[in-house]
Amino acid sequence: MDILEDLNPRQREAVEAVDGPVLVLAGPGSGKTRVLTHRVAYLIRVCGVPPWQIMAVTFTNKAAREMKDRLHHLIGARLGQLTIGTFHAVCARILRREAQHLGVDSSFVIYDDDDQLGLIKQALKELDLDHRTYQPRAIQGAIRQAKQELVDPDSYVPKTYWHEVARRVYARYQKLLRDNNALDFDDLLMVTAQLFRQHQDVLHKYQRRYSHILVDEFQDTNMAQYQLVKLLAGEHHNLFVVGDEDQSIYRWRGADFRNIQRFRRDFPEAKTILLEQNYRSTQTILDAARHVISRNTQRTDKRLWTEKEGGVPITLVEAYDEQEEAEFVVEEISRLVASGDFSPGDHAVMYRTNAQSRVLEEAFMRHGLPYKLVGATRFYQRREVKDLLAYLRLIHNPFDQVSLSRVINVPPRGIGPKTLGWIQSLADRRQVPIYTALQLVKEAAEEQASRSNEEADTPAYRPQMATFSGRGGNALLGFLSLLDSWIAVRDEKRVHELLDRVIQDTGYEAHLRDGTPEGEDRWENVQELRRVAMEYAELPPAEGLASFLEEVALVSDVDNLDEKVDAPTLLTLHAAKGLEFPVVFIVGMEEGLFPHSRSFDDPEAMEEERRLCYVGITRAKERVYLIYTFRRAMYASSEECEPSRFLHDIPQHLIQGPGDLMGRGAPAPIARGPARRQPLPRATSAPGYKPGDRVEHPAFGEGVVISSRPAGDDEELEIAFVGRGIKRILASYVWPCK
DNA sequence: CTGGTGACAGTTTTT
DNA sequence: CTGTCACCAG
């Protein structure tokens, strides 16, 4: 039975526990994906469960894809009969099939965060509410939270007057969604749960269909997701969940790791299996991570162990500021690569906030080294991509008002707020969507034209027409005829051909390529989108458009991480979950940054920061570098920093510092002797510059010193660089010009 | 209707 | 120091 062969006893137990509920608590690197895939294969090949009776849900498309890839080796073509996907994708599929029970059309569109925010703003406007008191973002948060707890506007119990207003906005927002035949991300879950609760027959159908349910990253489920799987498994209880409380880092998005406890309570007969053998890291790394996480209260203690005993100590580094921090990282990576032990792609640099990536990027660029950046602005969130997708959504469904108002004046075609407001109010008066209102205007205009010879001045027509005669009206008609011309060919043209037509007819290319480098970047993104569209060229046109739109709605990040490129990866700690690297640098280990200051007054938030640190450290296979700075630029000013409390939790014997570089005593507060305050061994000690001195900088080239002031043991110079303007730079970064 | 200016706020982000 | 948004002058 090859399926069980390469599993350790615990993993094997998890795979073989076929009947009833099973909870697998899987530490980092303990092979949970392996357990999941092998269990599916075991169910099919050994227990004879038909593949179509198995549902496996994940949180990310990436996880789903990885699972499919691995399963392909184990079960081959039968893979296609399994239901594997994200919660949202699985729910969307169910909802399209059961649309008749729901008051939505099965062609509903899925709104993302931006669309959602737009609709909330509209709701606020319609209710005549002040957007300063009722900030759209805050309202959005309240609505999302409610939906994740399966609370609809009618059952919403406001805690404060503000929440009462939020409830009203919520109700209005839901109506707007329905008017647009749209669901937002959270609806996919909430509406599915409602469907199951209100239609027992439908629920039974799915309960019978899926005899085995598996859930990955169970600690990240929210209430809605938990209720969903609980409902689905309500009859047979064959629910297999894998999770790790210590890696729960999405509390702020509604994830509730207490679902693990709930699971134990709701399924008391559940078998619990601990996976504690780690196949990733050295013992040193595991020990350090355990010391950090063990200060958390609400957790099951696990003792991770590995056969990779010992290992290199954790390296702790103090840098003068974020520049030097970045410089250290880049140089250390270069050194490790030069030593021959590691290749560039073995390294990851992790940080708490995206803003920290910039300095790092600059350092890599200065050294002429390539790097991979994860996250930042996501592809499908870029303006140009969203614009073009809105056009396509509009072609697919011209009644989608959110998409319509997004693009009706992009590129600018003379339809400003006034004209938009006019057509909107016409639509409201007639109780029709804007698209229909546009058609009414067109009919009226045609009628007027045909009468223009003799009867144009008939009093009955004049007042109605007067309003849209002129620029606004013509612009609207122009837009409508564009849209209609695309709709006319919608079922013949393939997605990328439609895209080309839109770009062509709207002059979108010229709109983007305004001569700036950013414009070129944007145009490049359009090309990328076109490449994605090309992948749907095989399908019949109408189907191609529909599945393209579904796919891009639910696949936000194009998992752009290109495995083939051999370069260091820059990413947030959150983005690092689920990944592993031989060498991990965690930068910005300072109080206020990591842990973030927002967590100071909330013990639960602080525990989450701690878990985040745990996740970061456990990504490493061989080496970990923890770096903090003496001072860091915050917005405009630069502030002195305190080393992160998490550093104190790692026992001294696991740590190695470059000599007395860090005046650090454990376990007491980090002793920072007054001695070491200067930037590190970079250029020889600052010689003392005065205005007029000529200096050279590795990136900016030659410049002239304008002013100088002491900064610690270093000095901060204002330098005018040839063609680069004036920069403030530490003396140790420049060399005197001979 | 557009493009410019000033006030204001500013973690993390699976879908 | 950014980016976003409301507001005002062409």
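For clarity, every value in this text was computed on a predicted model and none was experimentally measured. Excluded from the calculations below are hydrogen atoms, water molecules and symmetry mates; all remaining heavy atoms, backbone and side chain alike, are included.
When the P atom of dC5(C) is taken as reference, atom CD1 of Ile120(A) falls 14 Å away, rounded to whole Å. Following rounding to the nearest Å, His88(A) (NE2) and dT15(B) (C1') show an atom-to-atom distance of 4 Å. Look at CG on Asp112(A): it is 10 Å from C1' on dT15(B), rounded to the nearest Å. dC1(B) atom P lies 6 Å from atom NZ of Lys418(A), rounded to whole Å. For the pair Gln323(A) CD and dC1(C) P, the interatomic distance rounds to 14 Å; values are reported in whole Å. Protein atom CZ of Arg413(A) is 15 Å distant from nucleotide atom C1' of dT2(B), rounded to whole Å. Counting to the nearest Å, the P atom of dT13(B) and the CG atom of Asp186(A) are 18 Å from each other. Distance, Gln116(A) CD to dT15(B) P: 16 Å, rounded to whole Å.
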Between the protein and nucleotides 2-4 of chain C, which nitrogen or oxygen pairs come in under 3.5 angstrom?
| residue | atom | partner | partner atom | Å |
| --- | --- | --- | --- | --- |
| dT2(C) | OP1 | Arg358(A) | NH1 | 3.3 |

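For Arg383(A), there are no salt bridge (Lys or Arg N to Asp or Glu O under 4.0 Å) partners at least two apart in sequence or on another chain. Take Phe240(A) and apply the ring-ring contact (aromatic ring centres under 6.0 Å, His included) test, not counting sequence neighbours, and it matches no residue. Partners of Phe594(A) under the ring-ring contact (aromatic ring centres under 6.0 Å, His included) rule, at least two apart in sequence or in another chain, are Phe646(A). Qualifying ring-ring contact (aromatic ring centres under 6.0 Å, His included) partners for Phe263(A), counting only residues two or more places apart in sequence or in other chains: Phe218(A), Phe267(A).
Leu189(A) comes within 4.0 angstrom of nothing in the nucleic acid, heavy atoms only. No engagement by Lys577(A) is indicated, since no non-hydrogen atom pair under 4.0 Å with the nucleic acid exists.
Glycosidic torsion of dT12(B) falls outside 90° of 0, placing the base in anti.
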Using a cut-off of 4.0 Å between protein heavy atoms and nucleotide atoms, how would you tag nucleotides 3-12 of chain B 5' to 3' with B, S and -?
-------BBB

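Arg631(A) and Ser638(A) share a donor-acceptor pair across their side chains, judged by distance under 3.5 Å alone. Checking Arg262(A) against Asn259(A) by side-chain atom types alone, a donor-acceptor pair falls below 3.5 Å. With 3.5 Å as the limit, one finds a donor-acceptor pair spanning the side chains of Glu217(A) and Gln219(A).
Between Ile415(A) and Asp220(A), it is Ile415(A) whose nearest contact on DNA chain B lies nearer the 5' terminus.
Contact between the side-chain N/O atoms of Asn409(A) and the OP1/OP2 oxygens of dC1(B) is not found at any separation under 4.0 Å.
Sparse packing is recorded around CZ of Arg358(A), with 12 or fewer heavy atoms of other residues, nucleotides or ligands lying under 6.0 Å away.
Arg406(A) approaches Ala390(A) most closely through the heavy-atom pair CD-CB, 3.8 Å.
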